[in-house]
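Chain A is the first sequence line, chain B the second, and so forth, proteins listed ahead of strands; every chain is numbered from 1. Nothing here was measured: the structure is a model prediction, and the numbers come from that model. No hydrogens, no waters, no symmetry mates; every other heavy atom, side chains included, goes into these values.
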Protein chains: 2
Amino acid sequence: MAKKNTLKYVILGLLRQHDLTGYDIKKLFSCEIGDFWNSKHSQIYPELKKLEEEHLITSRMEISGKKLEKTYYMIKSAGIDALDKWLSDPLDEIQPTRDDFTLKLYFIDHRHDQRIKNLFSEEILRHQKKFDYLSARMGELFSSRENQEQNFGHYLILKKAILRENTQLKWLKDEYRSLKNN
Amino acid sequence: MAKKNTLKYVILGLLRQHDLTGYDIKKLFSCEIGDFWNSKHSQIYPELKKLEEEHLITSRMEISGKKLEKTYYMIKSAGIDALDKWLSDPLDEIQPTRDDFTLKLYFIDHRHDQRIKNLFSEEILRHQKKFDYLSARMGELFSSRENQEQNFGHYLILKKAILRENTQLKWLKDEYRSLKNN
DNA sequence: TGATAACATGTAAATATTTACATGATTTAA
DNA sequence: TTAAATCATGTAAATATTTACATGTTATCA
């Protein structure tokens with residue numbers, strides 16, 4: 001089996017929604033999309049050129065201000081076909097999380113090792129931040145029923161991520177409390 | 001910042017628990033460790049040699065049966081130091097999940113697109129399988145309080161993974177039901 | 001006893017991803 | 001008005017990861 005080249009489909013998916021520059025795509029990864037995908041600009045720009053060579057997308061140049069050149073990419077019908085094909089492919093095996101909190105915790109054996117408490121306290125902070133961010137985005141984007149219905153996948157993934165963070169935070173705080181009381 | 005080289009610390013962490021061959025390490029990734037880490041043997045063997053060159057681990061040869069050579073690796077004190085250092089480093093930013101169910105769902109806009117139901121049905125299957133596996137492992141490994149106390153990190157990450165799968169499955173099934181009823 | 005699965009260890013090549021190097025334009029706020 | 005932040009786009013080099021190629025052993029079961 002060929003390596004997955006997921007970024008390709010992420011780009012096609014985003015371009016199906018709107019024409020975008022490489023920079024726009026990069027910025028999207030710092031919103032809630034960043035919960036499930038990220039790529040650096042040094043990977044995005046070459047991938048866009050590759051997709052254009054494959055005739056899945058095309059580009060147009062726009063001048064912004066006096067001379068700033070922005071390259072907008074647009075999806076072509078072959079790109080939509082490739083995206084739809086991918087969407088219908090069966091799901092892979094579940095991938096490992098590669099989460100560093102989990103990884104580190106696994107290697108600490110003793111109940112009373114101070115490092116467990118340290119890990120929990122850090123983990124609570126970073127997930128609280130994430131939960132707050134995702135909740136705010138939910139409020140911004142999906143207060144109205146119409147918005148929910150019209151970007152239903154987007155709505156569902158946000159809902160799922162918020163539930164996950166909420167559950168995890170509750171667990172982390174519970175365990176942290178019981179670690180401190182023993 | 002240097003690239004993370006997480007496999008290095010995973011190997012050190014595992015070798016702190018027991019002496020292991022490369023093959024043993026590979027097999028561990030197909031147990032519950034696989035929930036948060038995996039590497040192929042083609043990455044493990046070279047990494048072991050690299051760690052030996054760095055004097056973080058050493059090896060001994062054992063003959064199994066008539067002539068099957070097995071190379072067991074053992075952690076050295078410099079390896080333990082490196083591991084402990086890593087365990088105390090602050091956590092990174094939370095990494096994107098790269099989960100293909102989420103990714104695909106995000107790109108489907110319409111509430112009634114049949115592909116949403118297909119995705120949910122596939123996702124429920126693979127997570128049910130995972131939940132069953134993790135629950136079985138919990139039973140095998142941590143029925144007794146002593147086992148829980150003596151591999152506390154291991155116990156906690158299993159507990160966390162099971163809670164995650166359980167919550168997620170419930171959500172998936174709820175949403176799936178409501179998708180079918182509308 | 002012969003096939004098959006699992007044990008066991010490696011290297012090579014391709015792809016994916018990150019970090020570092022590079023450059024210039026525009027907006028915003030002090 | 002100038003400094004800083006952000007916009008905008010790229011390439012090069014290093015590292016990480018996967019896939020494919022390669023080989024031989026041992027245990028199990030038919």
Side-chain angles (χ1 to χ4, degrees), chain A residues 1-11 19-31 34 36-54 57 59-73 86 92-98 100 103, chain B residues 1-11 19-31 34 36-54 57 59-73 86 92-98 100 103:
Chain A
M1 191 191 39
K3 286 201 78 173
K4 280 177 299 184
N5 203 1
T6 309
L7 176 57
K8 169 177 173 170
Y9 300 102
V10 173
I11 289 175
D19 297 351
L20 295 167
T21 68
Y23 193 79
D24 291 334
I25 292 171
K26 178 62 203 149
K27 270 191 308 178
L28 283 170
F29 294 150
S30 61
C31 300
F36 53 89
W37 193 262
N38 190 33
S39 292
K40 313 281 182 183
H41 77 275
S42 56
Q43 198 182 0
I44 295 167
Y45 289 113
E47 186 64 30
L48 284 166
K49 295 202 162 174
K50 203 177 131 211
L51 293 178
E52 192 169 26
E53 273 170 34
E54 291 172 15
I57 64 179
S59 62
R60 75 184 132 82
M61 199 74 94
E62 272 186 31
I63 300 287
S64 162
K66 290 260 163 65
K67 44 181 166 170
L68 186 58
E69 292 185 346
K70 296 170 66 163
T71 308
Y72 280 91
Y73 288 91
W86 174 73
D92 273 345
E93 290 303 292
I94 297 172
Q95 296 301 301
T97 63
R98 298 187 166 219
D100 58 350
L103 218 32
Chain B
M1 189 191 43
K3 285 201 76 174
K4 280 176 300 184
N5 203 2
T6 308
L7 176 57
K8 169 176 174 172
Y9 300 103
V10 173
I11 289 175
D19 298 351
L20 294 168
T21 67
Y23 193 79
D24 291 334
I25 292 172
K26 179 59 204 152
K27 269 190 309 178
L28 283 171
F29 295 151
S30 61
C31 300
F36 53 88
W37 193 263
N38 191 31
S39 292
K40 312 281 181 182
H41 78 275
S42 57
Q43 199 181 1
I44 294 167
Y45 289 113
E47 187 64 31
L48 284 166
K49 296 203 162 173
K50 203 177 131 209
L51 294 178
E52 191 168 26
E53 274 170 33
E54 291 171 15
I57 66 179
S59 62
R60 70 180 136 80
M61 199 74 94
E62 273 186 29
I63 300 289
S64 163
K66 291 261 164 63
K67 45 180 165 173
L68 186 57
E69 293 186 346
K70 295 169 66 163
T71 308
Y72 279 91
Y73 288 91
W86 173 73
D92 274 344
E93 291 301 293
I94 298 173
Q95 296 302 302
T97 63
R98 298 187 165 219
D100 58 350
L103 216 34

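Taking only side-chain nitrogens and oxygens, K49(A) never comes nearer than 4.0 Å to OP1 or OP2 of dT9(D). Distances shorter than 4.0 Å separate none of the side-chain N or O atoms of R98(B) from OP1 or OP2 on dA16(C). Contact annotation: Y45(A) side-chain N/O to dG10(D) OP1/OP2 distance is not under 4.0 Å.
Distance from the side chain of N5(B) is smallest to dA16(D) among dA16(D), dA8(C), dG10(D). For Q43(A), whose side chain is taken as the heavy atoms from C-beta onward, the closest listed nucleotide among dT18(D), dT18(C), dT9(D) is dT18(C). The side chain of S42(A) lies closest to dA12(D), out of dA12(D), dT9(D), dT26(C). Of the candidate nucleotides dC7(C), dT6(D), dT11(D), dT6(D) has the atom nearest to the side chain of Y23(A). Closest to the side chain of H41(A), out of dA8(C), dG10(D), dA16(C), is dG10(D). The nucleotide whose nearest atom lies closest to any side-chain atom of W37(A) is, among dT11(C), dT17(C), dT17(D), dT17(C).
Note: CD1 (I25(A)) to C1' (dG10(D)) measures 15 Å, nearest angstrom. Atom NZ in K27(B) sits about 10 Å away from atom P in dT9(C), given to the nearest Å. With rounding to whole Å, Y9(A) atom OH is found 10 Å from dA16(C) atom P. In this entry the distance linking CG of D24(B) with P of dT9(C) reads 8 Å, nearest Å. Spacing between atom CD1 of I44(B) and atom P of dC7(C) amounts to 14 Å, rounded to whole angstrom units. Computed from coordinates, the K70(A) NZ to dG10(D) C1' distance equals 17 Å when rounded to whole Å. Going from atom NZ of K4(B) over to atom P of dT17(C) covers 13 Å, rounded to whole Å. For K50(B) and dT11(C), the NZ to P distance is 14 Å, given to the nearest whole Å.
Heavy-atom nearest nucleotides on DNA chain C were determined for T21(B) and for Q95(B), and the one closer to the 5' end corresponds to T21(B). Both L7(A) and E69(B) lie close to DNA chain C; mapped to their nearest nucleotides by heavy-atom distance, the more 5′-ward contact belongs to E69(B).
Note on K40(A): a base of the nucleic acid sits closer than 4.0 angstrom, heavy atoms only. Across all strands, K66(A) comes closer than 4.0 Å only to sugar-phosphate atoms, never to a base (heavy-atom distances).
Of all non-hydrogen atoms in L103(A) and F36(B), the two that sit nearest each other are CD1-CD1, 3.2 Å. Between E52(B) and S59(B), the shortest heavy-atom distance links the atoms OE2-OG, 2.7 Å. Closest non-hydrogen pair, E47(B) versus N5(B), comes out as OE2-OD1, 3.7 Å. The two residues K4(B) and Y9(B) make their nearest non-hydrogen contact at O-CE1, 4.0 Å. Across all non-hydrogen atoms, the minimal contact from L48(A) to G22(A) is CD1-CA, 3.6 Å.
No more than 12 heavy atoms of other residues, nucleotides or ligands lie within 6.0 Å of CD in E93(A), so this atom counts as exposed by the packing criterion.
Remark: the S64(B) side chain and the dT25(D) base include no donor-acceptor N/O pair separated by less than 3.5 Å. Contact of S39(A) with dT17(C) (side chain to base): no donor-acceptor pair of N or O atoms is detected under 3.5 Å.
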